[in-house]
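A quick write-up on the structure given underneath.
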Amino acid sequence: MTTSLTLYYLLQFCGHSWIFTNMTARLLFFGKDSFADTFYTIGLVMQACQLLSALELILPLLGNQQHRFLPSFLQVTERLVILFVVITSQEEVQSKCVVCALFFLWNMWDVVRYSYYMLTAVGMNYPPVTWLKHTWWIPVYPLSVLAEVYTIYESLPYFESLGTYSFTATLPVVVSVHFPYILKVYMIVLTAGMFYICNHLFMERKTYLRAKSAKLKAK
């Protein structure tokens with residue numbers, strides 16, 4: 001189990017590190033012009049990493065204490081919905097600046113947390129990484145959720161005009177599903193979920209700081 005977890009975290013760390021490095025280099029060399037084809041350049045690797053992250057929903061069921069089911073479920077599903085349902089399905093959205101910003105925010109957080117998980121899996125404690133894992137989310141996670149909400153907002157006109165995922169079914173009664181309405185509700189769900197996950201991460205940070213303070217007093 002330890003070997004499998006270590007390999008999983010290593011794979012995720014390498015994938016997100018590659019994405020972050022690639023995006024940073026492109027931004028430095030091409031500036032704003034790099035925004036237009038960010039998705040075409042790193043989209044496939046991003047999709048692979050996010051699909052692979054679905055495995056994290058199994059880890060709590062196997063007794064892994066680093067992953068709680070509900071926070072993991074919310075984080076994994078929100079990214080899968082944004083990436084595959086919103087961005088991948090609408091080519092016009094893929095070239096938006098907000099998509100580049102969103103990918104940056106996702107990877108700024110993932111590089112830190114997967115490096116922490118990887119070290120923890122092999123029984124190592126590197127204080128700077130541990131501190132970052134319990135602190136870096138404070139600016140990055142809320143900003144990433146806001147970027148997700150704004151990405152949905154930017155996609156609404158395209159879902160409206162193209163009718164993607166909207167349909168009418170003839171059952172015993174006629175049922176009409178207008179997908180933009182579902183996305184608008186999901187924007188509210190994302191915001192509510194953000195407060196829940198921030199509270200969860202805050203409690204983890206509080207536990208970490210308490211343990212750190214106890215160690216310092218013991219010395």
Side-chain angles (χ1 to χ4, degrees), residues 1-23 38-39 41-89 94 99 102-126 129-130 132-137 140-145 147-149 151-152 165 186 189-190 192-205 207-208:
M1 184 66 178
T2 300
T3 303
S4 300
L5 275 176
T6 304
L7 289 175
Y8 167 73
Y9 294 139
L10 177 61
L11 188 60
Q12 287 282 29
F13 173 76
C14 291
H16 289 290
S17 296
W18 181 87
I19 294 171
F20 185 76
T21 303
N22 187 294
M23 290 182 66
T38 292
F39 184 82
T41 306
I42 55 91
L44 188 61
V45 180
M46 177 65 80
Q47 289 172 336
C49 287
Q50 297 307 323
L51 282 174
L52 195 60
S53 70
L55 293 173
E56 293 175 26
L57 301 180
I58 304 173
L59 296 179
L61 305 178
L62 298 177
N64 187 287
Q65 297 299 313
Q66 291 189 101
H67 299 273
R68 302 293 181 181
F69 180 77
L70 186 54
S72 296
F73 176 79
L74 291 174
Q75 291 185 72
V76 169
T77 52
E78 75 183 33
R79 291 191 179 193
L80 292 177
V81 169
I82 297 298
L83 181 58
F84 289 97
V85 177
V86 176
I87 298 175
T88 303
S89 69
Q94 296 168 10
V99 172
L102 177 61
F103 285 179
F104 257 119
L105 290 166
W106 279 358
N107 286 281
M108 286 169 68
W109 172 232
D110 286 340
V111 168
V112 170
R113 72 187 184 104
Y114 282 119
S115 60
Y116 167 79
Y117 290 146
M118 182 172 57
L119 291 172
T120 304
V122 296
M124 295 179 62
N125 178 33
Y126 188 55
V129 174
T130 304
L132 272 176
K133 194 270 177 185
H134 292 289
T135 306
W136 191 224
W137 67 267
V140 173
Y141 182 70
L143 284 175
S144 69
V145 175
E148 290 169 5
V149 171
T151 300
I152 295 176
Y165 302 131
Y186 191 63
V189 173
L190 278 177
M194 177 187 71
F195 288 107
Y196 173 79
I197 293 176
C198 283
N199 181 67
H200 169 73
L201 293 172
F202 175 76
M203 296 306 295
E204 284 189 341
R205 173 176 166 78
T207 302
Y208 156 72

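Computed over heavy atoms, backbone and side chain alike; hydrogens, waters and symmetry mates excluded.
In this pair, Y117 and Y114 present their aromatic rings perpendicular. The plane angle is above 60°, beyond the 30 to 60° band.
With values rounded to the nearest 0.5 angstrom, L102 atom CG is found 11.0 Å from L143 atom CG. Once rounded to the nearest 0.5 Å, the distance linking OG of S144 with CD1 of I82 reads 10.0 Å. A distance of 14.5 Å separates CZ in R68 from CD1 in I197, rounded to the nearest 0.5 Å. Annotation: the span from M46 atom CE to W106 atom CH2 amounts to 6.0 Å, rounded to 0.5 Å. The line from OH of Y196 to CD of Q75 is 10.5 Å long, rounded to the nearest 0.5 Å. Note that the SG atom of C49 and the CD1 atom of I42 stand 9.5 Å from one another [nearest 0.5 Å].
The number of heavy-atom neighbours closer than 6.0 Å to CZ of F69, taken from other residues, nucleotides and ligands shown, is above 12. No more than 12 heavy atoms of other residues, nucleotides or ligands lie within 6.0 Å of CZ in F73, so this atom counts as exposed by the packing criterion. Around CZ of F202, the count of heavy atoms belonging to other residues, nucleotides or ligands within 6.0 Å does not exceed 12.
In plain terms, the two heavy atoms of Y186 and T77 that are nearest each other are OH-O, 3.9 Å. Minimum heavy-atom separation, A147 to L105: CB-CD1, 4.1 Å. Summarising the geometry of V76 relative to A54, their closest heavy-atom pair is CG1-CA, 4.0 Å, with the distance given to 0.1 Å.
T21 places no side-chain N or O within donor-acceptor distance of the main-chain N or O of W18, the cut-off being under 3.5 Å. Here the side chain of S115 pairs a donor or acceptor atom with the backbone of V112 at under 3.5 angstrom. A side-chain donor-acceptor contact under 3.5 Å links N107 to the backbone of F103.
You'll find the side chain of I19 stays beyond 4.5 Å of the side chain of V111, heavy atoms only. Contact of the S89 side chain with the F84 side chain is not registered, since no non-hydrogen atoms from C-beta on lie closer than 4.5 Å. Between F195 and V145, every side-chain heavy-atom pair lies at or beyond the 4.5 Å cut-off. Between V99 and Q94 there is no side-chain heavy-atom pair separated by less than 4.5 Å.
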Residue pair L190, I152: steps toward the side-chain contact (heavy atoms from CB on, under 4.5 Å) verdict: CA-CA 11 Å; L190 278 177; I152 295 176; 3.7 Å; yes
side-chain contact (heavy atoms from CB on, under 4.5 Å) evaluation trace for E148 with L83: CA-CA 9 Å; E148 290 169 5; L83 181 58; over 6 Å; no
Chi angles and distances behind the side chain to side chain donor-acceptor pair (under 3.5 Å) call for E56, Y8: CA-CA 10 Å; E56 293 175 26; Y8 167 73; 2.6 Å; yes
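No side-chain N or O of E204 forms a donor-acceptor pair with one of W137 less than 3.5 Å apart.
Residues satisfying the ring pair (Phe, Tyr, Trp, His ring centres under 6.0 Å) test with F20, not counting sequence neighbours, are F104.
For residues 43-55, the side-chain hydrogen bond (donor to acceptor under 3.5 Å, both in side chains) pairs, not counting sequence neighbours, are Q47-T88.
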Sequence neighbours excluded and cut-off under 3.5 Å, please list the side-chain donor-acceptor pairs for residues 118-126, or say none.
| from | atom 1 | to | atom 2 | distance (Å) |
| --- | --- | --- | --- | --- |
| T120 | OG1 | Y116 | O | 2.8 |
| N125 | OD1 | T130 | OG1 | 2.8 |

